[in-house]
Structures are given as structure tokens and as C-alpha cells.
Amino acid sequence: MHQFFGQNQGSRHIFVLYGLGGSGKSQLALKFVQEAQANKRFSEIIFVDATSEQTAETDLKLIAPTSSEDTAQQGLQWLASQQSEWLLLLDNADDTQLDMGKFFPHCSFGNILITTRNPEVCQHAELCLNGQVFRVSDLDVEDAMNLLLKLVGTKAQAPNQEELALAIVKELHCFALAVAQAGGYIYTHGKMNKYLALYKSSRDRLLAQSGIQLQSQYALAVYATWDLSFKKLSLPAQTLLQICSQLHHQNIREEIFERAMLSDEKLHDSDLEEVVTELLTQIGGRNKDWNSLVFSEVTRELQSYSLMEWNQSDDSYNVHPLVQHWSALSISRTNMKQSVLAILGLSVPWEFEIEDYRYRCQMLNHIMPEHPDTLSSMANLASTCYVQGELNEAEELEVIVLAARKRVLGEEHPDTLFSMANLASTYHAQGKLNEAEELDVAVLAARKRVLGKEHPETLRSMANLASTYHAQGKLNEAEELDVAVLAARKRVLGKEHLDTLNSMAGLASTYAYQGNWSKVEEPEVVVLEARNRLLGKEHPHTLNSMANLAGTYSQQGRWSEAEELEVIVLEASNRLLGKEHPDTLTSMANLAVTYWHQGRWSEAEELEVPVLEMRTRLLGKEHPHTLLSMTKLADTYESQGHDTKAQALRTVAKQIKESQNAVQV
């Protein structure tokens with residue numbers, strides 16, 4: 001600020017400090033003024049309380065020389081006549097209905113400093129030749145600690161006070177007013193070592209307490225500053241803020257509410273569905289339609305008080321964590337949490353394309369901290385965890401959903417069988433193949449009995465069981481089922497239906513494990529071309545086809561062709577799924593094998609070391625994929641002459657396998 005007001009003197013300067021109430025805007029402005037006065041930077045400094053039109057006009061009347069007919073405009077005219085380096089401080093310009101421009105002197109010189117919660121006030125600075133804006137957000141950790149320790153003083157010192165201060169300011173998210181309030185409380189009560197535990201147990205009571213007597217600029221309590229804004233909000237804006245209090249504070253997207261409003265899924269609880277519809281209608285939904293303009297107006301209203309922040313880079317919104325805690329207190333509905341979880345559940349489709357996969361990944365932060373109160377929401381959450389590679393979390397949820405659906409809906413209800421099939425898929429991905437087989441067999445038998453032999457869901461169950469047989473090494477049983485499913489799907493669904501292509505890929509994979517290479521390459525090429533055309537180049541199923549064809553090339557010794565495909569798959573998996581996703585790790589392992597066969601052992605090692613580390617951490621050292629990674633890395637070490645490293649890995653793998661065999665016996 002000193003640098004800004006010190007340049008281009010003689011011309012108009014406008015500087016806007018904006019941010020959430022309690023973030024320290026006024027304190028920052030006053031500190032600047034204090035330092036500027038000491039340096040005699042400005043010829044005159046005029047303080048104006050811009051809370052309302054009335055308060056602003058009252059202060060502006062006092063600018064001009066004394067007259068019985070002084071008005072705000074006369075005060076501004078007098079200021080415009082003073083061709084000097086004066087500073088006009090418009091503090092707390094938060095009223096969204098008030099144009100601050102009417103309080104600017106009509107001249108081309110002078111300096112104006114504004115503090116506001118309303119980001120739209122920044123337009124005055126942006127349109128000025130010498131204008132600048134600064135968003136006052138959370139303090140950095142060091143500044144927050146310094147503020148706390150300064151307010152605490154020597155009265156409440158503790159032996160480990162810096163460590164305590166660090167823990168306290170992190171819990172307060174380094175929010176200026178909250179830190180100041182904590183400092184005042186500790187100064188008064190002298191209990192720095194007990195404050196953190198007290199805050200965690202009585203946060204809302206502490207943040208609702210008013211002020212710090214020794215620091216008059218912090219007179220209002222944290223929550224009281226926001227209560228003033230909340231009372232001015234429209235009902236839709238209040239509703240959206242309350243909904244956001246139940247979500248993660250970052251990455252809040254309009255897409256959540258639009259998808260939920262347009263969803264055809266019905267909630268089992270009709271009363272809950274009515275509440276969800278009412279909430280969505282208030283913020284942009286109507287009659288199974290969505291109005292983005294209404295939603296943008298609601299979010300803009302929240303932004304005008306800095307209660308919500310828009311991220312232009314990814315079109316998402318953030319709400320400060322402390323604002324979330326405060327706004328949750330204003331909720332009168334007893335079922336708001338359940339309603340928001342239902343909205344999240346409705347927004348996640350069962351059948352999804354690549355865009356839906358990305359959406360599921362984005363939503364994981366919102367639904368991981370809480371367990372949904374409805375089976376539908378919990379099942380959708382489990383599905384999200386599964387595709388994200390969070391297999392243990394998926395299993396935990398699916399076990400709960402399956403037990404509940406068996407009890408509520410019955411053993412052979414379609415939803416119960418769906419849950420059973422999902423849990424089987426999770427067991428398969430975890431390497432728990434016997435558990436997967438048991439469930440796959442049960443689901444197939446029930447669906448044959450309830451739906452018929454050629455129903456699409458029955459054929460899906462046959463394909464799942466074939467996949468499990470394949471993983472267990474029961475290749476003849478897998479082939480028998482794969483052939484039957486492929487024939488039925490061609491007949492019932494058509495040759496290019498996605499399920500038919502899945503069957504073709506599964507049968508090709510079985511042939512590959514049987515070493516029947518003459519039957520492998522042709523169907524894999526057909527599947528890859530069809531998925532490329534129907535799903536797109538970067539759909540997970542297309543990438544899987546590409547990986548399968550690369551594997552076939554590898555078995556035929558066509559290493560360059562294999563490498564070309566594997567590099568594409570790995571790059572896409574890294575970008576779309578993340579470095580630690582199971583499919584990404586498989587892609588890394590496959591490319592490492594190709595490098596090994598090409599004699600590029602150091603490049604193979606660079607991939608195999610992180611794969612082993614991540615599989616050990618994510619899957620456990622006893623998972624088949626982890627053991628395979630150990631063996632492959634040992635081969636690579638051995639090829640490079642690192643025999644000691646190779647032997648150490650082989651010994652570990654051998655001990656784990658012997659332990660597993662002993663348990664089975």
C-alpha cells in the first residue's frame with residue numbers, strides 16, 4: 001500500500017481492501033494510516049464510516065469548513081478543491097445497494113482507500129488508471145502466531161507457547177478475528193495450554209462471545225460480524241449457505257445441484273424427497289429443470305458479502321471453514337444433513353461416462369467425511385470409492401448396504417442383488433477371489449431364477465463370474481461362461497453394444513491366459529476400434545482395451561508396438577485417474593515389463609520401485625499384485641547385477657507366500 005500510494009503522485013489513486021468480515025481489513029487500513037501519519041505521507045486524512053448512506057453523509061458533512069448548511073456534497077466539493085495529497089478512507093463499505101462512487105470527490109487527484117466485504121466495489125479501482133485491489137484472506141501461520149502471542153502478552157506465557165500458538169492458529173484457520181478473540185480470552189483467563197481443548201469442546205460458544213476489551217478494534221465477536229450479513233441475505237442465499245455448511249469447504253460446484261435436480265432416481269423416503277426438491281427449487285431448480293441464471297444470482301449475493309468465493313480457474317466455489325460452522329448454527333431444519341447427503345447421492349449416476357467418472361472423483365471430498373443416512377446415497381458413495389481406487393472404504397460401505405437391503409428388501413430384491421454384485425467386484429479388486437466367487441455364484445443363481453437366463457443383468461452376472469474364474473486360474477470354466485455370454489449378448493443386444501464388447505474383451509483375455517494367441521489379437525483390435533469410436537480415446541474402457549492389445553503384442557515379442565500403446569495408456573491414466581489409482585499402477589508395471597524385455601533395466605527400475613511402494617501401502621504386502629511387483633523388481637535388480645537386493649525381495653515374497661499357504665492349510 002505504501003508503494004502504491006507513493007507512485008504517480010498528483011493523480012487519482014483508489015485502493016480497495018476486500019474480504020470476509022473479521023478478516024482484518026479495517027485493522028490493515030488503520031495500520032497503514034498510522035504509519036502514513038508518522039511519515040507525514042498525506043496532507044490530510046479523512047475517516048468516513050461507510051456502513052450506510054446515512055453514516056457516510058454524516059462524516060462527509062464534517063469535511064468542509066463549519067457552516068450551518070453543510071451537506072455531504074459540499075464536503076466532497078471542498079475536498080475536490082484541495083489540490084493536495086489527501087487520503088479519504090471509506091471504511092466498512094459493505095452495503096450491496098450503495099454505490100460508493102457517489103462518495104468520491106469530482107477531481108482527478110487525491111487518494112481513496114476502501115474496506116469492504118463486497119467484491120463488486122473493486123470495480124471502482126479496476127476502472128481507475130491508478131487502481132489496485134487486494135483480497136484480505138487468512139493470515140499466514142507466522143503472522144497469526146505473532147498476533148496471538150502479542151495479544152496474550154506475558155501474563156499467560158507457557159513453556160511451550162510457540163508450539164501451543166501454532167496448534168491454536170491452525171485450528172482457527174489463521175482467521176484474524178478468531179485469532180484475536182482467542183488472544184483476548186487467553187489474556188483474560190491465563191490458560192493458553194488449555195485453550196485448544198476448550199475450543200474443540202465449546203467452539204461455537206467461544207466464537208459467539210463478544211470482544212476483547214484491550215483491543216477495541218476487535219469489539220465484535222466472530223459470529224456476530226457474520227450475523228449482520230446473514231440477516232441481509234435473501235432466503236435462497238441463506239439456504240445455499242446452509243447447504244454448503246454440510247459440504248467440504250472447497251470445490252463446491254453448481255453441477256452437484258443441477259445433476260440432483262435432473263436425476264430420475266427416486267428417494268425411498270417421500271418426505272425427504274419433498275424437502276430435497278424444496279431446497280433445490282430455492283437455489284435454481286424447478287419442475288425437473290435447472291436455471292443457471294438463478295443459481296448465479298444466489299451465489300453472487302453470497303459473494304457480495306464475501307461469504308462465498310468463486311474460483312474462476314475451475315468454476316467452483318469455496319466457503320471459509322469457520323463460516324461453515326457458523327452458518328450450520330442457523331439451520332432450523334432437523335434433516336438438513338440428510339437432505340444434503342441425499343442431494344449428493346442423487347447427483348451421482350450409476351451408469352456413467354468419462355465425464356461422470358471425473359465428477360465422482362471431484363465429489364469424493366464432499367462425501368467421505370460423513371456416512372449417508374440413506375441406502376441410495378451410501379451405495380452411490382461406495383461406487384465412487386470403488387472407481388477412485390478406495391477399495392477398503394468401498395468394501396466397508398457395501399457390507400453395510402448389503403446387510404441393510406437384505407433386512408429391509410429381502411434376499412432376492414434387485415437392489416439387494418445389485419449390492420451383492422458390487423461387493424463381489426470390490427472383493428475381486430482386492431484380490432479376495434474366493435469371497436468374490438461365492439457372491440458371484442449366488443447373484444447368478446438368483447438372477448437366473450428371478451429374471452431369466454438371457455436378461456442383461458443375468459448375462460452381466462455370468463460375465464462377472466467368468467472374470468473371477470479367470471483371476472483364479474480356472475480358465476476352462478471362464479472360457480465356457482465367456483463364450484455363452486458373448487453369443488447371448490450378440491443375439492440380444494447387438495455386436496457393438498458396450499456389454500457385447502466387454503464380453504469380447506473378456507473372452508480374448510481368457511484365450512491370452514490359455515496361450516491361445518491366434519484367437520486373441522483380432523477381437524482385441526475390434527474392441528479397441530469400437531470403443532475408440534463409441535466412447536472416445538480416453539474412456540477407461542478404451543484405455544483398458546489399449547492395454548490388453550499392448551499385452552498381446554508383448555507376448556508376441558512385438559515390444560516397440562507394445563511400448564507405444566503402453567506409454568499412451570500410462571500418460572492418460574496418470575492424468576485422468578491419478579498416480580495412485582490401481583489402473584495407473586498396472587500401466588506403470590506393464591511398461592516396466594516392456595522396458596525389461598528391451599534390456600532397458602534402469603528405466604524399468606524407475607517404474608517398478610514406486611509401483612511396489614504404492615501397492616504395499618495401498619493394497620498391503622500380501623496382495624497378489626504387490627507380490628508380483630516384488631518378483632518383477634527382483635528380476636530387474638538381478639539383471640543389473642544387484643543380486644543382494646534381488647535376493648532380499650525374493651526372500652520377503654517367499655515368506656509371505658509360505659505364511660499364506662500355512663493359513664490356508
Side-chain angles (χ1 to χ4, degrees), residues 389 391 429-431 433 470-473 509 512-515 517 520-521 524 540 543-662:
L391 300 178
Q430 291 173 312
L433 300 178
H470 180 280
Q472 291 173 312
S509 182
Y513 272 83
Q514 290 174 327
W517 298 108
V520 176
E521 182 178 350
E524 284 182 340
L543 295 175
N544 186 53
S545 293
M546 201 175 293
N548 289 340
L549 183 56
T552 299
Y553 288 155
S554 296
Q555 291 295 331
Q556 296 172 333
R558 296 156 65 179
W559 303 113
S560 296
E561 293 169 86
E563 179 189 354
E564 183 180 351
L565 291 176
E566 287 166 347
V567 167
I568 295 172
V569 172
L570 177 56
E571 187 278 328
S573 297
N574 247 324
R575 180 161 39 81
L576 298 173
L577 307 178
K579 292 182 178 180
E580 295 192 345
H581 191 280
D583 289 354
T584 306
L585 297 180
T586 298
S587 299
M588 290 174 70
N590 290 342
L591 182 56
V593 169
T594 299
Y595 285 155
W596 188 90
H597 280 282
Q598 292 174 313
R600 296 157 65 180
W601 298 315
S602 61
E603 292 172 83
E605 180 184 349
E606 285 180 12
L607 292 172
E608 288 170 341
V609 168
V611 168
L612 177 56
E613 183 276 322
M614 286 186 278
R615 280 180 167 171
T616 301
R617 176 162 45 84
L618 299 171
L619 302 177
K621 63 182 180 180
E622 296 183 351
H623 192 282
H625 290 176
T626 308
L627 293 174
L628 180 62
S629 292
M630 283 186 195
T631 302
K632 293 297 183 183
L633 181 55
D635 290 342
T636 301
Y637 282 149
E638 204 168 64
S639 298
Q640 297 177 92
H642 303 322
D643 294 339
T644 303
K645 288 184 177 180
Q647 187 56 44
L649 277 178
R650 295 193 195 283
T651 299
V652 172
K654 182 180 179 182
Q655 290 173 346
I656 293 173
K657 289 177 181 178
E658 288 176 350
S659 175
Q660 290 175 334
N661 292 335

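- Side-chain contact, Ser554 with His597: no donor N or O sits under 3.5 Å from an acceptor N or O.
- Atoms CE and CG, on Met588 and Asn574 in that order, are 7.0 Å from each other to the nearest 0.5 Å.
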Derivation of the side-chain contact (heavy atoms from CB on, under 4.5 Å) call for Asp635 and Arg650: CA-CA 9 Å; Asp635 290 342; Arg650 295 193 195 283; 2.7 Å; yes
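- The minimum heavy-atom distance linking Glu580 with Leu618 is given by the pair O-CD1, 3.4 Å.
- Within the 3.5 Å criterion, the main-chain N or O of Leu612 finds a donor-acceptor partner in the side chain of Thr616.
- When all heavy atoms of Ala634 and Leu649 are compared, the pair lying nearest together is N-CD1, 3.9 Å.
- Looking only at distances, a side-chain donor or acceptor of Thr584 sits under 3.5 Å from a matching main-chain atom of Gly578.
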Worked check of side-chain contact (heavy atoms from CB on, under 4.5 Å) between Trp596 and Trp601: CA-CA 5 Å; Trp596 188 90; Trp601 298 315; 3.5 Å; yes
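- Taking CG from Leu633 and NE2 from His642, the interatomic distance works out to 10.0 Å, rounded to the nearest 0.5 Å.
- Closest approach of Leu585 to Lys579, counting heavy atoms only: CD2-O, 3.6 Å.
- In this structure, the separation between CD1 on Ile656 and NZ on Lys654 is 13.5 Å, given to the nearest 0.5 Å.
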Verdict with supporting geometry, Glu561 and Gln556, side-chain contact (heavy atoms from CB on, under 4.5 Å): CA-CA 10 Å; Glu561 293 169 86; Gln556 296 172 333; over 6 Å; no
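- In terms of heavy-atom proximity, Val611 sits nearest to Ala589 at CG2-N, 4.2 Å.
- When all heavy atoms of Glu622 and Leu627 are compared, the pair lying nearest together is O-CD1, 3.9 Å.
- Thr626 OG1 to Met614 CE: the interatomic distance, rounded to the nearest 0.5 Å, is 11.5 Å.
- At least one side-chain heavy atom of Tyr637 sits less than 4.5 Å from a side-chain heavy atom of Val609.
- Between the CE atom of Met630 and the OG1 atom of Thr651 there is a distance of 11.0 Å, given to the nearest 0.5 Å.
- Note that NZ of Lys632 is 8.0 Å distant from CD of Glu608, once rounded to the nearest 0.5 Å.
- Smallest separation of non-hydrogen atoms from Ala562 and Ala550: CB-O, 3.4 Å.
- With Glu605 as the partner, the side chain to side chain donor-acceptor pair (under 3.5 Å) test is satisfied by one option alone out of Arg600, Lys645, Gln640: Gln640.
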Stepwise side-chain contact (heavy atoms from CB on, under 4.5 Å) check, Glu521 with Leu549: CA-CA 7 Å; Glu521 182 178 350; Leu549 183 56; 4.2 Å; yes
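- Remark: side-chain polar atoms of His470 are paired, donor with acceptor, to backbone N or O of Ser509 under 3.5 angstrom.
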